[in-house]
Peer 1: 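Could you have a look at this structure, given as C-alpha cells, before my questions?
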Amino acid sequence: MVRNRMCLLSLLAGYTLAVWSCQHGKAIKVNAISEAKTEILDSLEVKGRSNAIYPDQKSVLKDTIVISTKHDPHVVLCDMDGDTRMDTVHIVQHTKNHKYGLKIAFGNKKIVYLGMGQDILGQGFDDIEWVGIFERAPKGEIYYNNVNDDREIITEEQVNENDKIKLPNDGIFIHQAEACGGGIIYLHDGQFAWIQQE
C-alpha cells in the first residue's frame, strides 16, 4: 500500500512537472515572439520637444507598434546624438490607428517615437506612410530649407549663409519617391528639428 502510494505520488509529481514545463516553455515562446515583434519602453526620458515623443508612452502595449513591412528599407543606422554609439531608426506602424512613424532607439537604450498619429515636429503631418526614400543624412553635410514662405522651391544661391545648416550629427532623410515632399530630422541642442527638402 505504501509502495502504491509512493508510485502514485511519483506519477503525480511527474505529471505536475510536465504540465508546468510545458506551460512555462509555451510562455517563454510566446514572450519571445512578442518581444521580437515589439518592445515595451523601459526608459522614456529623452531631451527634445514634448510633441516629438509619442504621448503616454508608458501605456504602449506589446504588439501595438510593429516594424513596417511596407517600406524597404525600413531601418537606418546612424549616430543622431553624437555619442559615437550607433542609433537605430525604424519605420514602424501603430496597429490600432494604422499610421506610420519612426522608432528611434538610441545607443544608450532610450527610445523615442515620432508620428503614428501625432504631428511630426509641427510639419502638418502625423503619418509617414508616403515615405519612399529613407536614408541617413551624414554629419557635416550642409542643408537648408529649400522652400520659401510662399511654398516656392528656392536654390542654394537664394539662401542666406546664416540659414544654411551644417548637420552637427547624423540625421534622417525621409522623402516621397519621385515626388516633392520630405525633409531631414536631426537633433540640434538636444531637440528634434526639421529641414524642409522638396
Side-chain angles (χ1 to χ4, degrees), residues 45-55 57 65 67-68 70-94 99-198:
E45 300 299 321
V46 176
K47 286 183 179 180
R49 296 181 185 176
S50 60
N51 71 348
I53 299 172
Y54 196 80
Q57 289 191 43
I65 297 175
I67 293 172
S68 172
K70 175 181 180 172
H71 297 87
D72 185 24
H74 60 75
V75 65
V76 168
L77 298 176
C78 60
D79 182 13
M80 291 188 79
D81 56 6
D83 66 357
T84 69
R85 290 182 281 198
M86 277 288 136
D87 307 320
T88 307
V89 183
H90 282 281
I91 297 179
V92 293
Q93 183 183 30
H94 196 289
K99 292 188 176 185
Y100 291 84
L102 297 176
K103 173 187 174 183
I104 303 169
F106 291 96
N108 63 11
K109 309 295 183 197
K110 298 192 181 201
I111 298 174
V112 174
Y113 289 105
L114 299 176
M116 293 183 293
Q118 295 299 307
D119 185 60
I120 297 177
L121 304 176
Q123 296 305 305
F125 59 88
D126 64 0
D127 185 1
I128 62 166
E129 180 180 12
W130 49 266
V131 168
I133 301 170
F134 179 57
E135 58 192 25
R136 179 177 71 96
K139 171 184 177 176
E141 292 291 316
I142 296 174
Y143 295 95
Y144 56 91
N145 289 305
N146 66 358
V147 176
N148 64 20
D149 293 336
D150 296 323
R151 303 298 300 162
E152 298 169 337
I153 296 177
I154 57 176
T155 65
E156 186 173 359
E157 293 77 31
Q158 296 171 292
V159 177
N160 292 328
E161 286 300 315
N162 294 342
D163 293 330
K164 294 180 181 177
I165 300 162
K166 183 176 183 180
L167 287 185
N169 302 302
D170 294 335
I172 298 297
F173 178 68
I174 59 174
H175 205 276
Q176 287 182 307
E178 301 177 15
C180 290
I184 295 168
I185 296 170
Y186 71 105
L187 281 172
H188 177 69
D189 293 334
Q191 293 190 344
F192 285 99
W194 176 267
I195 303 171
Q196 185 68 34
Q197 295 286 286
E198 292 293 331

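Sequence positions, counted from 1, serve as the residue numbers for this chain.
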Peer 1: Would you check if Ile128 and Phe134 make a side-chain contact, meaning some heavy-atom pair closer than 4.5 Å?
Peer 2: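 When only atoms from C-beta onward are counted, Phe134 and Ile128 do not touch, as no gap falls below 4.5 Å.
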
Peer 1: For residues 121-133, which residue pairs qualify under side chain to side chain donor-acceptor pair (under 3.5 Å), counting only residues two or more places apart or in two chains?
Peer 2: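 As it turns out, the side chain to side chain donor-acceptor pair (under 3.5 Å) pairs with a partner in residues 121-133, which skip direct neighbours, are Lys70-Glu129, Lys99-Asp126, Gln123-Trp194.
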
Peer 1: Could you state the interatomic distance from CD1 (Ile111) to CG (Asp87), rounded to the nearest 0.5 Å?
Peer 2: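 It is 11.5 Å, given to the nearest 0.5 Å.
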
Peer 1: Specify the closest pair of heavy atoms between Ile185 and Ile174, including all atoms of both residues, with the distance to one decimal.
Peer 2: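 Shortest heavy-atom separation between Ile185 and Ile174 comes out as CD1-CD1, 4.3 Å.
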
Peer 1: Taking salt bridge (charged side-chain N to carboxylate O under 4.0 Å, His left out) as the test, write out the residues that go with Glu156, two or more places apart.
Peer 2: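 Lys164.
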
Peer 1: With a 4.5 Å limit on heavy-atom distance, are the side chains of Lys110 and Val112 in contact?
Peer 2: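 No; the side chains remain at least 4.5 Å from each other.
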
Peer 1: Backbone N or O of Lys166 within a donor-acceptor pair of the Glu141 side chain at under 3.5 Å?
Peer 2: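 No, Glu141 side chain to Lys166 backbone: no donor-acceptor pair under 3.5 Å.
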
Peer 1: Test your reading of the model: is there a side-chain donor-acceptor pair from His74 to the backbone of Ile67, 3.5 Å cut-off?
Peer 2: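 Such a contact is absent between His74 side chain and Ile67 backbone.
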
Peer 1: How long is the straight-line distance from OH of Tyr144 back to CD of Glu161, given to the nearest 0.5 Å?
Peer 2: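 It is 11.0 Å, given to the nearest 0.5 Å.
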
Peer 1: Can you find a heavy atom in the side chain of Leu102 that is under 4.5 Å from one in the side chain of Ile91?
Peer 2: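 Contact flag for Leu102/Ile91 side chains = yes.
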
Peer 1: Look up atom CG in Asn169 and atom NZ in Lys139, then write down how far apart they are to the nearest 0.5 Å.
Peer 2: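 That separation rounds to 5.5 Å.
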
Peer 1: Please report whether the ring centroid of His71 lies less than 6.0 Å from that of Tyr100.
Peer 2: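 Aromatic pair counts; centres sit under 6.0 Å.
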
Peer 1: Please examine the side chains of Leu187 and Phe192, heavy atoms only from C-beta on, and report whether any two atoms are closer than 4.5 Å.
Peer 2: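 SC-SC contact between Phe192 and Leu187 confirmed.
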
Peer 1: What pair of heavy atoms forms the shortest contact from Met80 to Val89, and how long is it?
Peer 2: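 Met80 and Val89 have their closest heavy atoms at SD-CG2, 4.0 Å.
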
Peer 1: Do you know the tightest heavy-atom contact between Ile172 and Cys78?
Peer 2: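 Taking every non-hydrogen atom into account, CD1-SG, 3.8 Å.
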
Peer 1: Side chains of Leu167 and Ile195: does their closest heavy-atom pair fall under 4.5 Å?
Peer 2: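 With C-beta onward as the side chain, the pair touches.
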
Peer 1: Nearest 0.5 Å, what's the CD1-CG distance between Ile184 and Asp170?
Peer 2: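 Output value for this atom pair is 11.0 Å.
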
Peer 1: Would a 4.5 Å heavy-atom cut-off, applied to side chains only, mark Ile65 and Lys103 as touching?
Peer 2: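 The answer is no, as the side chains (C-beta and beyond) never meet within the 4.5 Å cut-off.
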
Peer 1: Backbone N or O of His188 within a donor-acceptor pair of the Gln191 side chain at under 3.5 Å?
Peer 2: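 Between the backbone of His188 and the side chain of Gln191 there is no qualifying donor-acceptor contact (under 3.5 Å).
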
Peer 1: Donor-acceptor check, side chain of Asp119 to backbone of Phe125, threshold 3.5 angstrom: yes or no?
Peer 2: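 Yes: the side chain of Asp119 pairs with the backbone of Phe125.
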
Peer 1: Nearest heavy-atom pair of Cys180 and Glu198: which atoms, and what distance?
Peer 2: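 Here Cys180 and Glu198 meet closest at CB-OE1, 3.1 Å.
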
Peer 1: How long is the span from the CD1 atom in Ile165 to the CD1 atom in Ile142, to the nearest 0.5 Å?
Peer 2: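 The distance works out to 10.5 Å.
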
Peer 1: About how many Å separate CG of Asp81 and OH of Tyr186, when rounded to the nearest 0.5 Å?
Peer 2: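 It is 15.0 Å, given to the nearest 0.5 Å.
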
